[in-house]
Each structure stands twice: as structure tokens, then as C-alpha cells.
Amino acid sequence: MIKNDNFLRALRGEKTDYTPVWIMRQAGRYLPEYRKTREQAGSFLDLCRNPELACEVTLQPLRRFDLDAAILFSDILTIPDAMGLGLSLNEGIGPKFSRPVRTKADIDRLFVPDPEGELRYVMDAVRTIKPALDNTVPLIGFAGSPWTLATYMIEGGSSKTYALTKGLIYDDPQSAHKLLSITAKAVTDYLNAQIAAGVDAVMIFDSWGGSLGVRAYQEFSLRYMQQIVDGLQRSSDGRTIPVTLFTKGGGQWVESIVKTGCDGIGLDWTSSLADVRKRVGENVTLQGNMDPTVLYARPDAIRKEVKAVLDDFGTSGRHVFNLGHGILPDINPEHVKVLVDTVHEYSRNVD
């Protein structure tokens with residue numbers, strides 16, 4: 001029995017003691033203890049591949065802040081890395097693949113990694129973190145969406161235009177669908193293995209779905225997230241496992257996203273929670289959505305913005321407070337404490 005299960009209750013549509021809160025990238029470079037552990041590991045990838053150190057950085061933000069969930073420390077690019085694409089992650093440069101997927105032959109060589117083989121270090125991290133949490137809060141597992149992973153696999157790294165990826169979906173949609181189908185199967189197996197290893201909820205990060213047009217989003221992004229949701233083991237050992245979908249820039253498509261059967265929809269700061277609630281109804285939880293840059297402001301300004309987000313959502317329940325995207329690396333940790341404490345204090349008083 002998890003002692004603080006407000007996060008899970010919010011995703012199930014049950015009454016909570018207050019609005020639960022966690023923060024995307026809550027274990028990261030803004031924490032000095034994280035930077036020290038990363039230095040100890042040698043590199044970001046070495047940190048991800050060390051279950052004990054991954055456990056340590058997963059727990060670090062919970063020691064500082066009264067967060068309502070932990071999130072597995074890992075990276076969305078573990079799957080394409082396990083496919084043999086030669087991932088490197090360098091400070092200030094970002095992810096690079098030495099063997100990007102550019103041709104039909106490249107796509108034909110792709111395979112679905114074994115979660116307990118090539119990706120066993122992730123499952124070992126889950127199995128290390130769960131007992132270390134001692135049932136204090138739930139553990140969130142995650143993966144990147146097939147579309148988002150495909151952009152890195154095809155471009156060979158980050159991109160502003162996604163020219164090669166979009167060129168593929170329009171010039172050769174059959175090959176694009178093959179790549180996305182393989183990746184969707186890999187993500188489904190990966191998340192199911194995380195569930196079997198002990199995570200209490202899962203989230204799919206569709207970081208670059210918002211770069212697509214309306215029809216392309218439906219065909220090349222949401223279609224494959226739907227396949228994953230349909231293929232997930234939504235119960236394990238008597239536990240119900242909720243799933244949240246987050247498309248950055250996807251607020252205009254929430255009516256379609258909710259039809260996947262997901263339990264939660266993540267929203268960035270460009271959407272109004274009140275507006276989205278009216279559009280999707282009460283049968284799905286909304287997660288978000290404060291602009292991460294608010295955390296550069298003074299504590300009183302942070303409190304004001306936190307309250308504005310909570311007021312925008314209202315008091316109908318089914319809200320998980322979060323930033324609209326990941327926390328930025330040069331944020332003052334004390335400002336994060338202001339955010340977390342304000343969410344709890346204000347939502348408890350409002351309710």
C-alpha cells in the first residue's frame with residue numbers, strides 16, 4: 001500500500017487530499033547533488049546504465065521537496081540506442097546517433113529490443129528504486145512516443161525543422177509506417193516490462209508531435225500512441241496502471257487524444273486548463289501546465305502563477321500539477337520548493 005497515493009487517485013478520478021504535483025525532469029541538472037552524482041558516473045549514459053546511481057538521482061528531488069510521485073531516471077532515447085544506432089550524449093551538443101535511419105535498408109535492419117536483454121539496466125533500475133521508495137509515493141515509468149523517437153532516429157539528433165523525417169512521411173509513407181510500427185512495438189514491450197518490474201503509472205512523451213499538421217499528427221503520431229495504449233498491461237499484481245499521454249503543442253488535439261482511452265493528458269502552457277476541461281469532460285485527468293520559465297521569477301511571483309494555474313483548472317478534481325515541459329537546468333532549487341509547497345497549501349485550502 002502506497003502511503004501517499006494522491007497522484008494515482010487523481011489519475012483514477014478519485015478524491016484527493018490536495019492537488020498532487022510532480023515535475024518533469026525533476027531529477028536533473030538544476031540540483032547540485034545530481035551534478036555530483038553524474039560526475040561520479042562519468043557521463044549521462046553511464047548514469048542511466050547504472051541502476052544504483054539511477055536510483056540515487058531518482059530519489060534526490062524527493063529528499064528536498066514534498067513531491068507526490070517519483071519518476072524513473074532514464075532517457076527516451078534508450079530504445080533507439082538499444083537498436084544499435086550508436087547514441088552519444090555530449091554536454092552542450094545534445095544527442096547524436098552515429099548510424100541514423102535514412103534508407104529502406106536501414107529500416108529493414110531495425111529490431112525490437114528485449115527489455116530484459118538490451119534494456120535490462122532500465123528494468124534493474126526500476127527494481128532498485130521501488131524498494132528504496134518504501135511505498136512512500138508512486139513511481140512513474142515512461143517512454144518516448146514513436147514519432148518523437150523517429151525524429152531522432154532519422155535526423156541523427158535534434159532538429160528544428162524535422163526536414164528528413166517529414167520528407168520520409170510525405171515521400172514514402174509506407175516506409176515511415178514500417179519504422180513507426182517497429183518503434184511502437186518496442187515502446188509497448190518496454191513499458192510493459194517497466195510495469196512488470198514495478199512502476200505504478202506510465203507516461204508517453206510525444207515531445208515533437210506538435211510539429212506536425214493536423215492530418216499528419218493523426219496518422220503518424222496519435223495512431224501509434226493509440227497502438228501502445230491498446231497494448232499496455234493496465235493491471236499488474238492487483239494494481240491498476242494509469243497511462244498519461246503528453247504531446248507538446250498538442251492542445252488543439254485533446255478531443256482526439258482522449259479517445260485513446262488514456263487516463264491523463266499532459267498539457268503545455270499554451271493551453272487553458274479550463275478550456276480543455278470543457279472540451280474533454282470529466283473522464284480524463286489533466287496534467288500541467290505552468291510555464292517552466294516562471295521559476296526564474298521571485299517567490300511571490302511564482303506563488304501568484306501557481307495559484308493562477310490552480311484557479312484556471314478549478315475545483316472539479318482530476319488535476320495533477322506540473323510544468324508545461326521539463327524544468328530548466330539553471331533554476332534555483334529553492335524556487336521549486338516554493339512551487340510544490342504552494343500547490344499543496346493553496347489546493348488544500350481551496351478544496
Side-chain angles (χ1 to χ4, degrees), residues 24 76-77 79-80 100-101 107 110 142-188 190-191 202-232 243-273 275-281 283-289 291 322-326:
M24 287 186 276
I76 65 169
L77 298 180
I79 288 177
V101 179
I107 295 171
L110 293 176
F142 71 92
S145 73
W147 166 256
T148 292
L149 297 182
T151 65
Y152 288 102
M153 294 162 69
I154 296 167
E155 304 292 336
S158 302
S159 175
K160 292 183 177 179
T161 63
Y162 313 101
L164 296 172
T165 315
K166 290 188 175 184
L168 180 67
I169 66 174
Y170 294 120
D171 280 341
D172 189 359
Q174 185 175 358
S175 291
H177 282 302
K178 182 174 182 180
L179 186 159
L180 290 163
S181 294
I182 295 168
T183 308
K185 178 64 166 66
V187 171
T188 304
Y190 183 61
L191 289 177
V202 295
M203 183 164 172
I204 299 172
F205 288 94
D206 186 32
S207 303
W208 310 131
S211 69
L212 291 165
V214 177
R215 290 184 300 276
Y217 175 75
Q218 297 280 340
E219 182 176 355
F220 296 102
S221 182
L222 191 60
R223 168 180 173 177
Y224 291 98
M225 289 195 286
Q226 177 74 73
Q227 287 184 19
I228 295 164
V229 171
D230 290 344
L232 287 178
V243 55
T244 299
L245 303 183
F246 172 58
T247 294
K248 186 172 183 288
Q252 68 269 39
W253 300 315
V254 290
E255 292 89 347
S256 296
I257 296 171
V258 75
K259 291 177 183 177
T260 63
C262 63
D263 302 281
I265 298 176
L267 296 165
D268 65 28
W269 60 94
T270 62
S271 296
S272 160
L273 292 174
D275 174 63
V276 172
R277 171 57 71 215
K278 291 176 185 176
R279 290 162 57 195
V280 300
N283 294 322
V284 68
T285 297
L286 303 184
Q287 178 179 281
N289 65 336
D291 184 339
N322 209 313
L323 300 178
H325 203 230

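When a residue number appears, it is its place in the shown sequence, counting from 1.
Exactly one residue among D230, V243, V187, D206 makes a side chain to side chain contact (heavy atoms under 4.5 Å, CB included) with M225. That residue is D206. Of the candidates I257, T247, N322, N289, N289 is the only one forming a side chain to side chain contact (heavy atoms under 4.5 Å, CB included) with L267. For the side chain to side chain contact (heavy atoms under 4.5 Å, CB included) with L245, the qualifying choice from V229, V258, D263 is V229, the only one to do so.
Considering only heavy atoms from C-beta on, T188 stays 4.5 Å or farther from Q227 through its side chain. Annotation: side chain of W208 is not in contact with side chain of T165 (no heavy-atom distance under 4.5 Å). Residues E155 and L164 are in side-chain contact: their nearest non-hydrogen atoms beyond the backbone lie under 4.5 Å apart. Within the 4.5 Å cutoff, the side chain of F220 has heavy atoms near those of the P173 side chain. Put simply, the side chain of T285 does not reach to within 4.5 Å of the side chain of T244, judged on heavy atoms.
The OG atom of S145 sits 13.5 Å away from the NZ atom of K248 when rounded to the nearest 0.5 Å. I265 contributes atom CD1, which lies 11.5 Å from atom CG of L273 (distance to the nearest 0.5 angstrom). Rounding to the nearest 0.5 Å gives a distance of 8.5 Å between CD1 of I169 and CG of L180. In this structure, the separation between OG1 on T260 and CD1 on I228 is 10.5 Å, given to the nearest 0.5 Å. In this structure, NZ on K166 lies 8.0 Å from OG1 on T161, to the nearest 0.5 angstrom. Atoms CD1 and CD1, on I79 and I182 in that order, are 12.5 Å from each other to the nearest 0.5 Å.
The two residues G156 and P100 have their closest heavy-atom pair at CA-CB, 3.9 Å. For the residue pair T148 and S207, the shortest heavy atom distance occurs at OG1-N, 3.0 Å. Contact between L179 and A150 at its shortest, heavy atoms only, is CD2-CB, 3.6 Å. In terms of heavy-atom proximity, R279 sits nearest to G251 at NH2-O, 3.0 Å. In plain terms, the two heavy atoms of P146 and Y224 that are nearest each other are CG-CB, 3.8 Å. F246 and G324 get closest at one heavy-atom pair: CZ-O, 3.2 Å.
Side chains of W147 and Y217: no donor on one and acceptor on the other come within 3.5 Å. Under 3.5 Å, the side chains of S272 and D275 contain no donor-acceptor pair of N or O atoms.
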| message | Would L286 and V280 count as a side-chain contact (heavy atoms from CB on, under 4.5 Å) here? Give the steps. | response | CA-CA 10 Å; L286 303 184; V280 300; 4.3 Å; yes
